[in-house]
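The block underneath contains the structure these notes are about, expressed in structure tokens.
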Amino acid sequence: MPFILSLDEGTTTARSALYDGQGRRVSMESAAFPCRYPQAGWVEQDALEIWRAQLESARAVLTRARVAAWDVVAIGITNQRETTVVWDRSTGEPIAPAIVWQCRRTAEYCTRLAASPEAGEITRKTGLVIDAYFSASKIRWILENVPGVRSRAENGDLLFGNIDTWLIWKLTNGAVHATDFSNASRTMLMNLATGDWDDELLRIFDIPRAMLPRIVASSAFVGETAPEHLGARVRIAGIAGDQQAALAGQACFRSGLSKNTYGTGCFALLHTGGHVPVSKNRLLATRAASTNAQAQFAMEGSVFIAGAAIQWVRDELKAIGTAAESEALAISIPDNGGVYFVPAFVGLGAPHWDPDARGLITGLTRSTGRAHIVRAALESIAYQTRELIDAMQADSGEELSELRVDGGAAVNDHLMQFQADILGKPLVRPVDVETTALGAAYLAGLATGFWKSLAEVESFWRAERRFEPRMPAGQRERLFAGWKEAVRRAR
Ligand code: ADP
């Protein structure tokens with residue numbers, strides 16, 4: 001039987017999954033790799049450890065499912081976005097630790113850049129808000145801080161890649177140095193309108209073009225793996241950044257469809273078709289993963305701390321033993337008792353982009369207990385999502401009809417019901433919530449004719465449960481006004 005192999009390289013684990021002809025996941029394996037925090041606000045990983053973990057999980061999933069590499073029609077790759085690797089073209093060794101998307105080491109430089117006359121042009125060309133989150137300032141940091149590397153970069157002896165590019169380069173033994181439009185659009189070096197690296201942006205960040213990968217379509221043949229890695233040559237035919245892959249995995253291929261992923265952070269994306277969105281509310285414009293030659297775009301809002309707030313009440317407050325316990329505790333009380341929790345641990349993301357905000361809990365009284373704090377932490381996820389969706393609707397001038405949801409915290413029924421209530425919109429949760437891996441599989445399967453059409457892939461998507469809003473509008477807006485007041489104080 002033929003299968004599609006999806007390589008899902010996340011921030012903490014490298015997963016690999018096999019899909020059959022009906023788009024069903026038949027097996028999934030994962031391998032973890034460490035994150036290092038050498039200084040306050042710095043986050044690093046070892047690109048070789050990522051590569052080994054990815055290869056280990058890919059081999060494991062084939063072994064576990066008793067599938068030989070020649071039964072794999074194609075590989076799709078999805079990855080943590082923005083994370084930056086620079087390596088030596090001849091040795092294949094990274095010249096520095098990978099700088100992870102969460103790393104704030106270039107925050108000061110970005111604050112200066114945001115105040116410079118070039119700021120407007122950068123945002124206009126890239127669709128991004130100037131922030132340490134994106135790759136350009138991270139590449140620049142490596143060129144400025146690792147001794148003797150600039151001239152080697154200019155000579156083309158050093159290569160840059162996000163994790164998709166790095167894995168493809170390793171899988172092909174250095175034969176292919178490529179990325180796709182969705183990842184390239186997160187570097188802050190690609191012009192959204194032209195779909196190419198932009199000379200002016202390269203000049204501003206002082207990055208030589210010779211280091212950059214070729215940009216290819218998200219759903220297309222890219223190259224073949226060297227036979228020693230998986231036991232045979234396998235075509236690589238799909239690439240997308242994790243959130244764009246999740247959008248595809250939710251079968252959101254058309255303008256107006258949207259999804260929200262509830263993981264460590266929250267990432268809401270609205271597909272805008274062939275139209276480059278322009279945000280007045282500090283959302284991002286980005287490339288969606290298209291399945292044909294036409295450029296497709298999305299509007300994106302990111303919340304940095306969502307499920308991570310639940311980790312915090314579990315690990316630091318020790319108010320719960322597992323993330324899943326948050327649900328029973330939250331419903332053990334009738335409401336939040338006036339308690340709001342703003343988890344601005346690393347500042348606030350969209351639509352505020354306020355790096356200086358810090359977390360707070362407001363409305364404490366003598367009757368406040370741990371259930372209120374846990375409930376308020378869960379509710380913060382829904383309120384932050386409401387802020388994203390409000391901004392999206394204001395920007396697009398359109399009302400969302402429903403929101404497709406996925407991610408680790410989307411299994412929490414209480415959270416999903418509260419989210420529907422606070423949005424005043426229905427939520428739909430699919431049967432397969434591993435949408436990132438699924439999306440990468442769709443892209444590879446469509447490129448190789450394993451699946452014949454978008455319509456076929458769309459037919460695989462099945463709702464597991466729908467959450468209808470039940471809260472009266474007055475109560476909804478009263479609660480949300482309380483949240484906005486708490487955010488004002490956090491800022
Ligand atoms: P990521 O891909 O960002 O690592 P996942 O999609 O695996 O994250 O989701 C994990 C996050 O979801 C964690 O932050 C965890 O606290 C949260 N989470 C997991 N289960 C629940 C639950 N039942 N209720 C609320 N949050 C949960």
Side-chain angles (χ1 to χ4, degrees), residues 6-17 28-35 43 45 50 53 57 78-83 100-102 133 163 240-247 249-250 259-269 302-332 341 343 345-346 349 359 370-371 373-385 404-419 427 429-430 432-440 464-465 467:
S6 180
L7 306 184
D8 177 5
E9 192 289 319
T11 306
T12 53
T13 57
R15 298 192 281 191
S16 297
M28 188 167 211
E29 291 291 326
S30 100
F33 50 85
C35 240
V43 188
Q45 289 171 345
I50 295 177
S57 73
T78 177
N79 55 293
Q80 54 167 318
R81 303 176 301 175
E82 298 100 8
T83 297
V100 177
W101 58 275
Q102 295 158 321
Y133 183 17
I163 304 293
D242 53 10
Q243 299 309 322
Q244 286 96 335
L247 191 66
Q250 286 275 27
K259 68 90 193 170
N260 191 28
T261 298
Y262 297 81
T264 307
C266 266
F267 298 87
L269 272 78
S302 343
V303 162
F304 297 136
I305 303 288
I310 304 304
Q311 289 170 7
W312 185 80
V313 294
R314 181 192 65 197
D315 301 341
E316 307 305 327
L317 281 194
K318 314 228 182 285
I320 45 175
T322 64
E325 279 174 32
S326 63
E327 182 162 7
L329 199 57
I331 57 181
S332 70
F341 179 171
F345 300 151
V346 293
R370 79 189 163 103
I373 311 263
V374 170
R375 184 169 175 133
L378 276 177
E379 291 186 349
S380 78
I381 301 174
Y383 290 128
Q384 292 184 93
T385 296
R404 296 183 175 185
V405 299
D406 54 54
V411 302
N412 188 315
D413 290 342
H414 166 71
L415 171 60
M416 292 299 103
Q417 183 57 51
F418 185 73
Q419 181 72 83
L427 255 52
R429 187 168 65 194
D432 189 349
V433 290
E434 295 288 351
T435 54
T436 308
L438 181 60
E464 175 257 334
R465 184 158 168 194
F467 297 86

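Model, not experiment: these values are computed from the prediction. Just so you know, ligand 1 is whichever comes first in the structure, and atom 1 is the first atom listed for that ligand. All residue numbers in this chain count up from 1 along the given sequence.
- In this structure, Ile310 and Ile381 have side chains that are in contact, with non-hydrogen atoms separated by less than 4.5 Å.
- Of all protein heavy atoms, the one lying nearest to atom 3 (O) of ligand 1 is Thr264 OG1, 2.7 Å.
- Residue Val411 has at least one heavy-atom neighbour below 4.0 Å for each of these atoms of ligand 1: 23 (N).
- With values rounded to the nearest 0.5 angstrom, Gln419 atom CD is found 11.0 Å from Glu379 atom CD.
- Every heavy atom of Leu415 sits 4.0 Å or more from the atoms of ligand 1.
- Considering only residues two or more places apart in sequence or on other chains, Phe267 meets the ring-ring contact (aromatic ring centres under 6.0 Å, His included) condition with none of them.
- Below 30°, between 30° and 60°, or above 60°: for Trp312 and Phe341 the angle between ring planes is above 60°, a perpendicular geometry.
- Considering only non-hydrogen atoms, atom 25 (C) of ligand 1 lies nearest to Asn412 out of Asp406, Thr436, Asp315, Asn412.
- Neither the backbone nor the side chain of Thr261 comes within 4.0 Å of ligand 1, counting heavy atoms alone.
- With Gln250 contributing its side chain and Pro430 its backbone, the two residues share no donor-acceptor pair below 3.5 Å.
- Heavy-atom proximity to Ser326, at under 4.0 Å, picks out these atoms of ligand 1: 24 (N), 25 (C).
- With Glu327, Gln311, Met416 as candidates, the residue nearest to atom 14 (O) of ligand 1 on a non-hydrogen basis is Gln311.
- In this structure, Ala308 is part of the shell of residues with a heavy atom less than 4.0 angstrom from ligand 1.
- With a heavy-atom cut-off of 4.0 Å, Ala323 touches ligand 1 through backbone and side chain alike.
- Taking every non-hydrogen atom of Ala324 and a distance limit under 4.0 Å, the qualifying atoms of ligand 1 come out as 23 (N).
- Arg465 has its side chain out of reach of Met416: every pair of non-hydrogen atoms, C-beta onward, lies at least 4.5 Å apart.
- The nearest protein atom to atom 15 (C) of ligand 1, hydrogens excluded, is given as Gly307 O, 3.9 Å; this is a heavy-atom distance.
- By the ring-ring contact (aromatic ring centres under 6.0 Å, His included) test, Tyr383 pairs with Tyr340, Phe418, Trp483, sequence neighbours left out.
- Among all protein heavy atoms, the one lying closest to atom 12 (O) of ligand 1 is Ala409 N, 3.6 Å.
- Annotation for Leu378 and Leu415: closest pair O-CD1, 3.3 Å, computed over non-hydrogen atoms.
- Contact between Val433 and Arg429 at its shortest, heavy atoms only, is CG1-CG, 4.1 Å.
- For atom 5 (P) of ligand 1, the closest heavy atom belonging to the protein is Gly408 N, 3.7 Å.
- With respect to atom 11 (C) of ligand 1, the closest heavy atom belonging to the protein is Gly263 C, 3.9 Å.
- No side-chain heavy atom of Leu317 sits less than 4.5 Å from a side-chain heavy atom of Arg370.
- Ligand 1 places these atoms under 4.0 Å from at least one heavy atom of Gly407: 6 (O).
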